[in-house]
Amino acid sequence: MSPPRLLRFTFFQRAVHWVVGVTFVVLLLTGLAFSYPSLFWLTTLIGGGPAARVLHPQIGAVFAIGLLFMFVLWVRDMFLDAPDRQWLGAIKHYAAHEHDKVPPAGKYNAGQKLFFWVQSLLGVVFVATGLLLWFPESFGPGLLNTMRLLHYAAALSGGLLLILHVYLGTVAYPGTARGMIDGKVTTAWARLHHPRWSGERVEH
Amino acid sequence: MTNHWKDIKNADVVLVMGANPAENHPCGFKWALEARDENGAKLLTIDPRFTRTSAVADKHLQIRPGSDIAILGGLIRHILTNDLHHADYVRAHTNASFIISGDFGFEDGLFSGFEEAGSRYDKTSWSYQRAADGYVRRDPTLEDPQCVFQLLRRHYDRYTPAMVAQIAGCSEQKFLEMADIICSTGRADRVGTIMYAVGWTMHTVGSQIIRTGAILQLLLGNIGRPGGGINALRGHANVQGATDHAIVAGILPGYLKVPTPEQTTLAEHLEASTPQPLVPDTVNYWGNYPKFMVSLLKAWFGDSATTANEFGYHYLGKPDGDATWLSIWDEAYHGRLEGFITLGFNPLLAGPDIPRLLQSMSRLKWMTVIDPFMLDSAEFWKAPGMNPAEIDTEVLYLPTTHWIERDGSFTNSGRWAQWKEKAIDPPDGVRSDTWVLSELFWRVKELYQQDGGAYDEPIQNLTWNYLNPREPLLTELAKEINGYDHATGQLLSSFGQLQADGGTSSGNWLYTGSYTEAGNMMARRGTADPTGLGMHHEWAFSWPANRRVLYNRASADAEGRPWDPTRAGIAWTGREWIGDVPDYGRTTPPDAAGAFIMTEEGVARLFSSQMADGPFSEHYEPVESPTVNALHESVPVNPVINWYDGVRETLASEGDDFPHACTIYRVVEHEHFVTQNVPLLVEAMPDFFIEIPEGLAAEKGIENGGRARVWSKRGEVEGVAIVTKRIKPLLVNGRTVWTVGIPVHWGFAGGTSNTHASMANLLTPFIGDANTRCPEFKAFLVNIARAEPRAT
Amino acid sequence: MAISRRTFLKASVAGGVVVSALGFDLKPAYAAVRQLKIRNAREYKTVCPYCAVGCGTIAYVHGSGGLNTTKTIIHVEGDPDNPINGGTLCPKGASQMGLAISPRLRKSPMYRGAGASEWREVDWDFAMDWFARKFKASRDATFVEQDSQGRTVNRCNGIAWVGSATVANEDAYLITKTMRAMGLTYIDHQARI
Amino acid sequence: MPDTLAIKRISATPSALIPLESLRSGGPVYSKLVDISKCIGCKGCEVACKEWNDLKVEQTANFGSMQSHKDLSSNTWLLMRFNEVEVGDDLQWLIKKDACLHCEEPGCLFACPAPGAIVQYQNGIVDFNQDQCIGCQNCVSGCPFDIPRFDKSTKTVAKCNMCIDRVEVGLEPACVKTCPTNAIQWGIKEDMLALAEKKVETMKRRGYEHAALYNPGGVGGTHMMYVVPHGDRLEDYSLPAHPVASPAPLHGLSVLRRVGSYLLGFGVVSALAHFLAVGPESPEDEAWEPKP
């Protein structure tokens, strides 16, 4: 008998998430290949160097569109409220799994909300610099260098976020990933991590 | 060129004036740089612009267009006042010691004998004094006040550095710095060369500019010597050859003379054309004129050229006057010319005064244009401003082969005739020039046979003994040019074998020896250079007689010792001359005759009565000049130039606002007009432009890269402005004069670039040199203004 | 179910390494030098068609010369044996193949009638017939056998021939020979301008 | 045939991976020597380069100069640059042949992430291989002379390859062959250095007291060297006085690379540490059992 489940993400939300997620991983890997000669072999994953060079910005375009949808879909839920601020104050208890000392989170905890905002900001940087780098012949080498550095810096921050995101979403908090796979989480998971949201969505 | 391209490396001073070889002859110019770097030679440029040549020169002197004789005259004065001439050379090899008639004089810009009415000189007073034996009186001490040397000194004494600076607009000091270097070669161990081109010839005093250069070189003892000479740099692949073979008014192949109406018999023609020796010790090689002329007539009319018909002398047309370029256009302009045929030439763009040429062309009945490309000339009726409906000239365009689809020889500027191989076949539909010419000949000949008409005997009797009479092989023609001994049927090996009795034929005596029984000498590819002077006697054929330096007897002193043993032209061993092919009998002792075998004086002429406008040169202003003639205001321009009807009205006159001097030229990326068909060259130099000095541009509000408009009394051009530091303002007779420069390469008939039909020759005046009638392209007046950018 | 997301990632990375190790070929990196384009060309020694320095050039031509082939010029460069230029060429000389194969070379005679605003393509027979008839007509109309003083002059005043300084000596000679025999005296070329 | 060209470096490739053929001794090391005092700016080299290499003709427009193009491009590997300079009364028309200098320490190659896209041969030639190029243009940033140019249509970068197809079979590059005034010469680098010394002396004799050889050490020397009449006015020829193989932008990039690897490494390590320290937090006690 399967445990009772709560719907956390709709199909559309999950689709958008995975589009962004998969494209980002590909972009990160090809990007790393371009900047680290020792990782150049990664381009083989999508057909070799020249193919990676052509596909990288095109995948980037898909990524950008996904990110835009993501923003529209989630932005309303992402404004920090008073309990969020308390949550942030207790973030070290959260990390230490001292459950009782963490103010109850809503559907998204403050960390997730901040993640959203940082990710959106990086997205803007990616798209803006990436666009310029896509059409380099139209710009001077000085500007391109700055753009390239920004692009790389954003990519590295994004990479760090990705590690955090995957770690927290899988190993650190088992059961979380289910929300992005079939969209449903267990009520127990919900009560544990997002008590206020689970309260709103009591199952019948 | 008296010398040849590679010989320039032997010089100690290379004066480039009236030329821009870095731009127009880059591969030949390398030898000037070789001299500069390997000999420590000084490379100098004198030009209205700081050119690409100036960029690598040691010194540059900017002068006003048309002031060349002032500069050169100043140099002559500098030599004579400072005794810098090569005294032994001048005494031995020039007519400095010859005594001139006491009637000769020069006053207020006019030489003695000027006839106001005909604008010409009666040259009686320009003659040598004769001794009792009939030969010219000479004074070896050069002291006689009427000797050429003293006359020369007096004549050029007016060309002081101050006067030079005033006329040319340069600084006195810079002129003197230049003069010191140029005049440093008047010694046995030094030698200097002059490279000139159309910057000298294209003036109303063009021939006299060259003569002044020649006088300079003679005084410095530089003619005939390796590393010396006076070297005309020619601008088309075969200008030299086409001139040698006389597609030229007034001459026949080998510089024989076109008969005149007064010469009613061959004998009279020969007598008038064969010079008599003026001194006892001259070879007077032109004394062989009858042999050359009769052999030419035999080549042309073969068995029909007999003593009975004076070898066909009357088959040749005898013009009643000048028949050169400007006169041809003038005939057309006045509607007297019916047909106009042009081959391998774009005459309309070649100018001068394109608006006038367009009118002239519209008055022709018909025109045939023969060229690999459709030319502006063929499409003159489509030129801007022309209304085709009003033009009745019928035009035929014939596409013909170009150089790489034919064999044959080109004669370069250094007189080397080099044979070329045919590389590819012409495409279908394209015929060779020889085919077109033969076809025309046969069809005209057949029409005369059928219908009769004007005197067709010369046409019927013209020799045409070719394997394929409809398209002769170029090797057959080369052999005909070389000539045959009719007794043996063998090809001749030297023009010394030519006869005046009809026993030999030769289409051009200068090329006898170019295609002998031993084979095609022009195709030789031997690279040996035993003298190290770059003569390469086994490479191709250099006329005359494979001689590499003309007048090379003068490279040695009176005893036959080379002036400079390290750069010996020829040397007398006691039995024969060694070195270059001697311009002298191979075994003739050095004291037997004068060094200049082609003159009746046996020496070179510092004073020459053969010029139309004076035995010495004189500075005359261009017909359009921004200033007065500082030497003689009453005679500002050359007094004996020919004024065609209606030309005076097309020149800027008092009250017109044309304050700036203008000159036109080529750039390195193009060769006249044909290179507009080569995409890589259009890319390298895409657009018509106007070079404007910085100060003038600032005054007129013209920006670099913006557009400017330049107009003369005759026409207007518009193009991209190149604002440059390379042209400076000049102070001429107390007034600031600006110079504007314009390249010639653009036309209207769909070059691959967008030029808005700006053609340099829309601006140039329809006036020519007093001797050659070479037009004055190089100095005229314009005004200039900013033009608004236009969509391209 | 057996493959977790993490193991999948691991596998694909390893696969990538394998794929790259197999497909990572250095050969093209240094084998990319293109072959000498004139390697099988025939050489013809000729002379540059532009100025009068007389630079020797070598035309490189493709095509065996066999009956069924046409020759194609692929490159021209300086003839190193020529003492004048020693293999060098200026921009004009260096691009002379562009003249030899210029797209603007014409292949057909053209005729423009009086007052016409366009050309008409004609064949060679028409062209040469027209040319010869015009030539003869003008010669007949303007030929002067004797001048006003009764001297034999035998000249044709009504036709002028100009050019060319760009044809071979042998062509130049034939031009002079033919035109002088026709009685023309208005003959000139680029030497004067 | 091409295998006989010994390789010195390949972009983004450790030297251990350079093919075995290259262990042979390299053979002659070549260099061009450009004598600026003999250069007349005729563009013979520029045109010969385009003709030999079959580079596309570009639409140009005169912009107020004798110079044909404003800048190099992927189809114009060699450009004559013109500059009028006046020092006091002395007008100099400085004309420079601008093209790849073929550095001994090629910044472009060091910056290139694509293995095999840039190859340096032991004869001194640095060649771009468009088949391997990924169009990232790091080489453009890496070049201290601003030479490589990106091609829009192929999305790759191109520059002078020293006519490697000619050099390989023993011919000199097209620009050298054509140069009308012998301003460009070609030979073993050592010979060219000796010749350069002679040329500097000649220039000094002619009054150019600052004449100098341009063979900058910051890039290990170059395989196109200049002899400059005005060695004190390099900027007028747009020649950098002290070029180095890793200019500033690349420094930024390499710093970022290092920071990046630390950062990502830090991310992974801290996640791991966190996991080991506190383990997963899951509602497992209650999750799989239905509530009573």
Side-chain angles (χ1 to χ4, degrees), chain B residues 20-34 36-38 40 42-43 50-56 58 60 62 171 174 667-669 678-689 691-692 694 702-707 719-726 728 752-754 792, chain D residues 35-52 54-70 73 75-76 79-80 82-86 89-95 178-183 195 198-199 201-203 205-208 227 229:
Chain B
N20 183 4
E23 195 105 41
N24 302 316
H25 308 88
C27 289
F29 182 63
K30 75 163 57 63
W31 302 113
L33 289 175
E34 178 98 349
R36 189 197 74 180
D37 284 1
E38 303 304 318
K42 291 289 182 193
L43 175 59
F50 185 102
T51 62
R52 276 176 161 110
T53 310
S54 313
V56 293
D58 291 290
H60 167 67
Q62 187 190 326
S171 92
K174 281 198 170 173
V667 293
V668 66
E669 296 86 351
V678 181
L680 277 170
L681 295 174
V682 173
E683 178 191 19
M685 184 52 84
D687 297 317
F688 177 83
F689 63 86
E691 273 190 295
I692 308 162
E694 275 183 352
I702 300 167
E703 287 152 19
N704 187 40
R707 294 191 75 85
V720 180
I722 294 185
V723 177
T724 180
K725 300 183 201 306
R726 293 177 294 99
K728 302 287 180 202
T752 34
S753 64
N754 189 358
T792 45
Chain D
D35 178 348
I36 289 185
S37 80
K38 274 187 147 184
C39 175
I40 54 175
C42 75
K43 305 181 190 166
C45 51
E46 187 181 310
V47 169
C49 170
K50 297 201 79 153
E51 201 263 11
W52 175 263
D54 299 311
L55 302 180
K56 285 179 199 137
V57 172
E58 294 173 302
Q59 178 82 48
T60 52
N62 194 314
F63 55 96
S65 172
M66 291 292 180
Q67 196 170 313
S68 55
H69 306 63
K70 278 191 174 158
S73 80
N75 282 302
T76 300
L79 177 64
M80 299 308 296
F82 293 76
N83 190 13
E84 295 174 6
V85 175
E86 226 163 7
D89 211 14
D90 183 28
L91 173 64
Q92 294 286 336
W93 199 5
L94 307 181
I95 304 166
T178 210
C179 178
T181 58
N182 313 127
L195 183 62
K198 223 184 103 198
K199 283 178 176 292
E201 274 167 36
T202 303
M203 283 184 205
R205 194 196 70 217
R206 293 184 59 228
Y208 296 101
V227 190

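Below, chain A is the first sequence line, B the second, and so on; all start at residue 1. Atom set for the values below is all heavy atoms of this structure, side chains included, hydrogens, waters and symmetry mates excluded.
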* Distance only, no hydrogens: is a donor on one side chain within 3.5 Å (strictly under) of an acceptor on the other, for D:Ser68 and D:Glu46? ->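 Yes, side-chain donor-acceptor contact under 3.5 Å.
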
Quick one: what part of [X] sits under 4.5 Å from any heavy atom of chain B, side chain, backbone, both or neither?
| X | value |
| --- | --- |
| D:Thr202 | side chain |
| D:Met66 | both |
| D:Lys38 | both |

If you define the side chain from C-beta out and look only at heavy atoms, does anything of [X] sit under 4.5 Å from [Y]?
| X | Y | result |
| --- | --- | --- |
| B:Leu681 | B:Met685 | no |
| D:Met80 | D:Ile95 | yes |
| D:Thr181 | B:Glu34 | no |

Go through the atoms of [X] and report whether side chain, backbone, both or neither lie under 4.5 Å from a heavy atom of chain D.
| X | answer |
| --- | --- |
| B:Ala721 | backbone |
| B:Glu38 | side chain |
| B:Val56 | both |
| B:Glu669 | side chain |
| B:Lys42 | neither |
| B:Phe50 | both |
| B:Thr724 | both |
| B:Glu691 | side chain |

* To do: Could you list the residues that satisfy ring-ring contact (aromatic ring centres under 6.0 Å, His included) with D:His69, not counting sequence neighbours?
  =>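 Not a single residue meets the ring-ring contact (aromatic ring centres under 6.0 Å, His included) criterion with D:His69.
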
* Highest number of heavy-atom pairs under 4.5 Å with chain D: which of B:Ile722, B:Val723, B:Val668? ->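 Ranked by heavy-atom pairs under 4.5 Å with chain D, first place is B:Ile722.
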
* Output the option from B:Lys728, B:Glu23, B:Arg36 having the highest count of non-hydrogen pairs under 4.5 Å with chain D. =>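 Between B:Lys728, B:Glu23, B:Arg36, the count favours B:Arg36.
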
Quick check: does any side chain N or O of [X] sit under 3.5 Å from a backbone N or O of [Y], one acting as donor and the other as acceptor?
| X | Y | value |
| --- | --- | --- |
| B:Asp58 | B:Leu43 | yes |
| D:Lys43 | B:Ala684 | yes |
| D:Lys50 | D:Leu55 | no |

* Could you tell me which residues satisfy side-chain hydrogen bond (donor to acceptor under 3.5 Å, both in side chains) with B:Thr53, sequence neighbours excluded, listed by chain and number? =>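 Testing B:Thr53 for side-chain hydrogen bond (donor to acceptor under 3.5 Å, both in side chains), a comparison that skips the adjacent residues, returns B:Asn20.
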
